[in-house]
Amino acid sequence: MRLIYSKSLLICFFMLSLMLTHAQTVKQNLLVAPYLQNASPQEITIMWETAVGEESTVLYGKTTDLKKKETGISYDVNFSDHRIHEVTLKGLERFTTYYYRVKTGETYSDVYQFKTPPFAEDKKAFNVLAMSDMQRDHNEPEKFAEIVNEGILTYLKKEYGEDISDNLALVLIPGDLVENGTKYEQWQNEFFEPSKKLFSNVPVYPVLGNHEKNSTFYFKYFSLPKNGTPAYAEHWWYKDYGNTRIIGLNSNDGYRDSKEQYIWLKELLERTANNNEIDFVFAQLHHPHKSELWIPGETDFTGKVVELLENFTTKTGKPSIHFFGHTHGYSRGQSKEHKHLWINVASAGGAIDNWGEFEGRDYDEFTVTQDEYGFVMVEVDPNPENPKFVVKRVSRGNTVQSRNNEVTDSMVIYKKKRLPYAPTIESPMGEHIAIKDVLLKAGGYESDYKDSFHAASNWQLATDAEFSNIIVDRWKQYQNWYYNENRQKDDDLTDEKMPLLKSNTKYFWRVRYRDQNLNWSDWSKTATFTTK
């Protein structure tokens, strides 16, 4: 009896060992977990990577029974047996949750889920996540994993609920996904592995940064919209989600001066202007036009993009954003004359560009710049009465001060105008004033909207009533966080000291107020004074 019992134990142990070995082999065969690409109301692309195997099958359905099946293609990654698999599911229902798993031979993934986008006419609210520059910092090698798992996933669950795919529509990444895009192993180990719990449930849309080095691995790993200039497939593209058009651009050397890209963007914005279903435009590219933390990272190309977006927004009344990275810190600014936001969404892992470490500059456009890790959430509300979006910075702090998903900055932008009242003039009004004592003073801020507050003032001084010869044009905002200090603290924006002016000269002046939603009032009445 003991012998039989011992043999039975040995057999069971042997079978268990075989099962564990098989499971380990299957697990090892899945090099990159499934991730989502290029979603539309009726289609989505699913990709993954295996060590061996040609089969590319996705099992899916509206329940975890996964009764439907679709097959696709596989292709070589790095001249080895490793294969990237790509399957596009078609004929899906809009704004619907689906479950799926992938299969290559005997290798099965876990079961994940996704939600298809709505049509614009459905008027469904949705959330967008933007982050960048997660390339590995060897002093903080697990930072990107922390950002995803302790930052993004924890924040989403707390703020919106359990199901990631139901509460996050898409992820934008304006560049620098890995430290060196030509190194194959970095894509697996440093980008896809830390982010697998996120990208398996939510589509991800990156653009090229300088660290990708225009690598073939980038173009193999991503299946982005191929609606850009045909000769530059996936270098620039656009994707619509509900009432918002997402535009991806390439700001790298060799592409930033491309006439083709500029012409394509100009023509796309012209078409978007005539598309009544689109309320907002979010563009992403890697390099900043202006950077308060790191001036050498700036590019003129991004300035040209900003100008196109500004003019588009003012012409159409459709607010816009350009997301960028490259500088490893957060910045949020806004154009003076346009309802257009400038947002640096870094750093999601790259070494912080600390204050004082590089050459910087305090630009008028930016109200907040912080040397920190974090990500940006955008909540889009397509309310037919007045569509809006809310931008939130979620901070993880830096190496000096840790933060646990604190919302450190936020802003609301409405599509329709909600103008404050034009300010009243108080003084000077016709006086003779010593040139050293010129202080322009206006009345308090007023608006019909209870949630509105005074966020900026624009003071102009000229030598003619038509303001064709402007001597002073100052734009002050209610906050200006620069080098860990709010340089606008205690300024109520209702008065402005003028520089030394010419004596015995008549001057004309006026002021306008802006609310926190980027709506300028009309100009005040014009007042005059004469210097002694």
inquiry  = Consider side-chain hydrogen bond (donor to acceptor under 3.5 Å, both in side chains). Of Asn486, Thr367, Asp362, which one does Asn480 pass it with?
reply    =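 Testing Asn480 for a side-chain hydrogen bond (donor to acceptor under 3.5 Å, both in side chains) against Asn486, Thr367, Asp362 leaves exactly one candidate, Asp362.
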inquiry  = Testing Lys339, His338, His340 one by one against Thr314 for a side-chain hydrogen bond (donor to acceptor under 3.5 Å, both in side chains), which residue passes?
reply    =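 With Thr314 as partner, Lys339, His338, His340 yield a single side-chain hydrogen bond (donor to acceptor under 3.5 Å, both in side chains), made by His338.
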Consider only side-chain N and O atoms of [X] and [Y], and report whether a donor and an acceptor are under 3.5 Å apart.
X      : Y      : result
Trp236 : Thr229 : yes
Ser223 : Thr45  : no
Ser258 : Glu260 : yes
Tyr363 : Thr369 : no
His287 : Thr299 : no
Asp409 : Tyr330 : yes
Lys239 : Asn38  : yes
Ser320 : Thr313 : yes
Tyr160 : Glu379 : yes
Glu357 : Trp355 : no
Tyr421 : Asp448 : yes
Ser291 : Thr327 : yes
Asn250 : Asn252 : yes
Trp342 : Ser331 : no
His286 : Asp176 : yes
Asp163 : Ser165 : no
Arg514 : Asn458 : no

Is it the case that over 12 heavy atoms from other parts of the model lie below 6.0 angstrom from the [atom1] atom of [X]?
X      : atom1 : answer
Glu121 : CD    : yes
Asn276 : CG    : no
Glu270 : CD    : yes
Lys124 : NZ    : no
Lys226 : NZ    : yes
Asp300 : CG    : no
Lys123 : NZ    : yes

If you take the centroid of each ring, where Trp contributes its six-membered ring, are [Y] and [X] closer together than 6.0 Å?
X      : Y      : value
Phe282 : Phe389 : yes
Tyr478 : Phe453 : yes
Tyr241 : Phe126 : yes

[X] bridged to [Y] by N-O distance under 4.0 Å:
X      : Y      : value
Asp473 : Lys336 : yes
Glu372 : Arg396 : no
Arg361 : Glu292 : no
Arg512 : Glu337 : yes
Arg94  : Asp122 : yes

Can you tell me how far the [atom1] atom of [X] sits from the [atom2] atom of [Y], to the nearest 0.5 Å?
X      : Y      : atom1 : atom2 : result
Asp371 : His328 : CG    : NE2   : 13.0 Å
Ile278 : Leu269 : CD1   : CG    : 11.5 Å
Ile352 : Tyr373 : CD1   : OH    : 4.5 Å

message = If you apply the rule side chain to side chain contact (heavy atoms under 4.5 Å, CB included), what do you find for Phe119 with Asn243, and how did you get there?
response = CA-CA 8 Å; Phe119 289 138; Asn243 68 335; over 6 Å; no
Are the side chains of [X] and [Y] in touch, meaning some heavy atoms are under 4.5 Å apart?
X      : Y      : value
Val438 : Lys497 : no
Val171 : Leu198 : yes
Phe467 : Gln460 : yes
Val391 : Ile321 : yes
Ile435 : Ile433 : no
Thr494 : Ser457 : no
Ser132 : Phe323 : no
Ile173 : Val204 : yes

message = Under the criterion side chain to side chain contact (heavy atoms under 4.5 Å, CB included), I'd like the reasoning laid out for Val390 against Val378: C-alpha separation, chi angles, the key distance, then a yes or no.
response = CA-CA 5 Å; Val390 182; Val378 185; over 6 Å; no
Within 45° of the six-membered ring axis of [Y] and under 6.0 Å from that ring's centre, is NZ or CZ of [X] located there?
X      : Y      : value
Arg474 : Trp459 : no
Arg487 : Tyr482 : no
Arg245 : Phe280 : no

ask   = Run the side chain to side chain contact (heavy atoms under 4.5 Å, CB included) check on Thr244 and Val281 step by step: do they pass?
value = CA-CA 6 Å; Thr244 302; Val281 169; over 6 Å; no
ask   = Hey, is the main chain of Lys90 close enough, under 3.5 Å, to the side chain of Gln42 for a donor-acceptor pair?
value = no
request  = Verify ring-ring contact (aromatic ring centres under 6.0 Å, His included) between Phe324 and His322, making sure each step is shown before the conclusion.
outcome  = CA-CA 7 Å; Phe324 59 96; His322 76 279; 5.3 Å; yes
inquiry  = Quick check: closest heavy atoms across Ile425 and Lys525, and the distance to 0.1 Å?
reply    =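 Closest approach of Ile425 to Lys525: CG1-O, 3.4 Å.
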request  = For Thr528, enumerate each residue passing the side chain to side chain contact (heavy atoms under 4.5 Å, CB included) test, keeping only those at least two apart in sequence or located in another chain.
outcome  = Lys506, Phe508
message = Evaluate Tyr218 against Phe191 for ring-ring contact (aromatic ring centres under 6.0 Å, His included), listing each step before the verdict.
response = CA-CA 11 Å; Tyr218 174 89; Phe191 180 74; 9.4 Å; no
key: Residues in ring-ring contact (aromatic ring centres under 6.0 Å, His included) contact with Phe219, at least two apart in sequence or another chain   =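 For Phe219 the ring-ring contact (aromatic ring centres under 6.0 Å, His included) partners, ignoring immediate neighbours, are His235.
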